[in-house]
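Below is one structure, written out as structure tokens, with a few remarks after it.
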Amino acid sequence: MRLPLKTEYACQVMAQLAKTYDGGKVRRVEELATAESLSANYLVQILTKLRPAGLVVSRRGKNGGYLLGREPGSITLAEIALAMEGEPLIETGPGNGGMASPKVGAAWAKANAALLEALAEIPLTDLVPEDAPGRAEDWVI
């Protein structure tokens, strides 16, 4: 199993939006893409998946961009992952009809439930990056 990159990048961009949530600042796609070293076009695809889930809000116009749909402490990794991947997060096939197939399927379903439970305990606020030391705007001349 591997976490899809789109979901990882969705968490990163959500953390960037959480960083400026209190100020109500609308963030431009280009700014977010630069902050997380992503392509702006790829980032738009991610934001488009997050919007229907109510995790982000878009604003149009000259001063348009994106902001969080609600307070970052109320958003969890489970919500972000489900918005990006749907349920179940751990997808299994129907099995081959073998004798162990039902128990194997039940075990994976249990693992999926445990994963969702663990992700639901991690708020977006835990992912907010601190300002990097030594940034040019922090220098005193």
Side-chain angles (χ1 to χ4, degrees), residues 1-98 100-141:
M1 292 178 289
R2 172 175 243 156
L3 178 67
L5 283 176
K6 260 190 181 175
T7 300
E8 188 171 341
Y9 296 157
C11 292
Q12 290 176 219
V13 75
M14 291 289 290
Q16 281 295 327
L17 291 171
K19 189 175 178 178
T20 55
Y21 177 79
D22 288 339
K25 181 182 176 189
V26 176
R27 307 276 301 271
R28 295 175 42 104
V29 170
E30 296 78 10
E31 173 192 358
L32 293 166
T34 299
E36 291 303 325
S37 301
L38 299 171
S39 149
N41 289 337
Y42 192 55
L43 184 54
V44 168
Q45 293 174 28
I46 292 168
L47 291 164
T48 299
K49 287 191 99 169
L50 295 170
R51 193 174 47 212
L55 298 176
V56 298
V57 176
S58 63
R59 299 280 160 83
R60 294 184 177 196
K62 181 182 175 190
N63 296 319
Y66 289 86
L67 59 155
L68 288 182
R70 62 180 199 270
E71 199 272 323
S74 72
I75 297 172
T76 66
L77 256 62
E79 290 179 275
I80 298 168
L82 289 171
M84 295 302 295
E85 304 303 322
E87 188 157 4
L89 291 179
I90 301 172
E91 192 170 331
T92 61
N96 65 355
S101 184
K103 287 197 173 202
V104 170
W108 282 113
K110 185 176 179 180
N112 183 69
L115 175 59
L116 280 173
E117 186 177 320
L119 293 174
E121 293 178 11
I122 304 171
L124 180 58
T125 50
D126 284 3
L127 307 180
V128 177
E130 296 179 18
D131 289 330
R135 293 182 330 163
E137 55 263 31
D138 294 336
W139 295 345
V140 177
I141 297 178

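What you see is a predicted model; the values in this text were computed from it and never measured. All values below were derived from every heavy atom in this structure, side-chain atoms included, with hydrogens, water molecules and symmetry-related copies excluded.
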Do you know the tightest heavy-atom contact between [X] and [Y]?
X	Y	answer
Ala40	Val29	O-CG1, 3.7 Å
Ala53	Ala83	CB-CB, 3.7 Å
Ala78	Ala120	CB-N, 3.6 Å
Leu67	Lys25	CB-O, 4.1 Å
Ser39	Ala33	C-CB, 4.2 Å
Leu77	Cys11	CG-SG, 4.4 Å

Atom pair CD/CD of Glu31 and Gln16 - distance to nearest 0.5 Å: 8.0 Å
Euclidean distance, Ile122 CD1 relative to Ile80 CD1, rounded to 0.5 Å: 10.0 Å
Side-chain heavy atoms of [X] within contact of [Y], under 4.5 Å:
X	Y	result
Leu124	Leu68	yes
Glu8	Leu5	yes
Met14	Val56	yes
Val26	Asn63	no
Val13	Arg27	no
Leu17	Leu55	no
Glu36	Leu43	no
Leu89	Thr7	no

Pairs flagged by salt bridge (charged side-chain N to carboxylate O under 4.0 Å, His left out) wherever residues 42-71 is involved - sequence neighbours left out: Arg70-Glu79
Evaluate whether atom CD of Glu30 has more than 12 neighbouring non-hydrogen atoms of other residues, nucleotides or ligands under 6.0 angstrom away. yes
If you count the non-hydrogen atoms of other residues, nucleotides and ligands that lie under 6.0 Å from NZ in Lys110, is the total more than 12? no
For the pair Leu116 and Leu82, evaluate side-chain contact (heavy atoms from CB on, under 4.5 Å) and give the outcome as yes or no after the intermediate values. CA-CA 9 Å; Leu116 280 173; Leu82 289 171; 3.9 Å; yes
Go through the steps for Met84 and Leu50 under the test side-chain contact (heavy atoms from CB on, under 4.5 Å), then give the verdict. CA-CA 7 Å; Met84 295 302 295; Leu50 295 170; 3.9 Å; yes
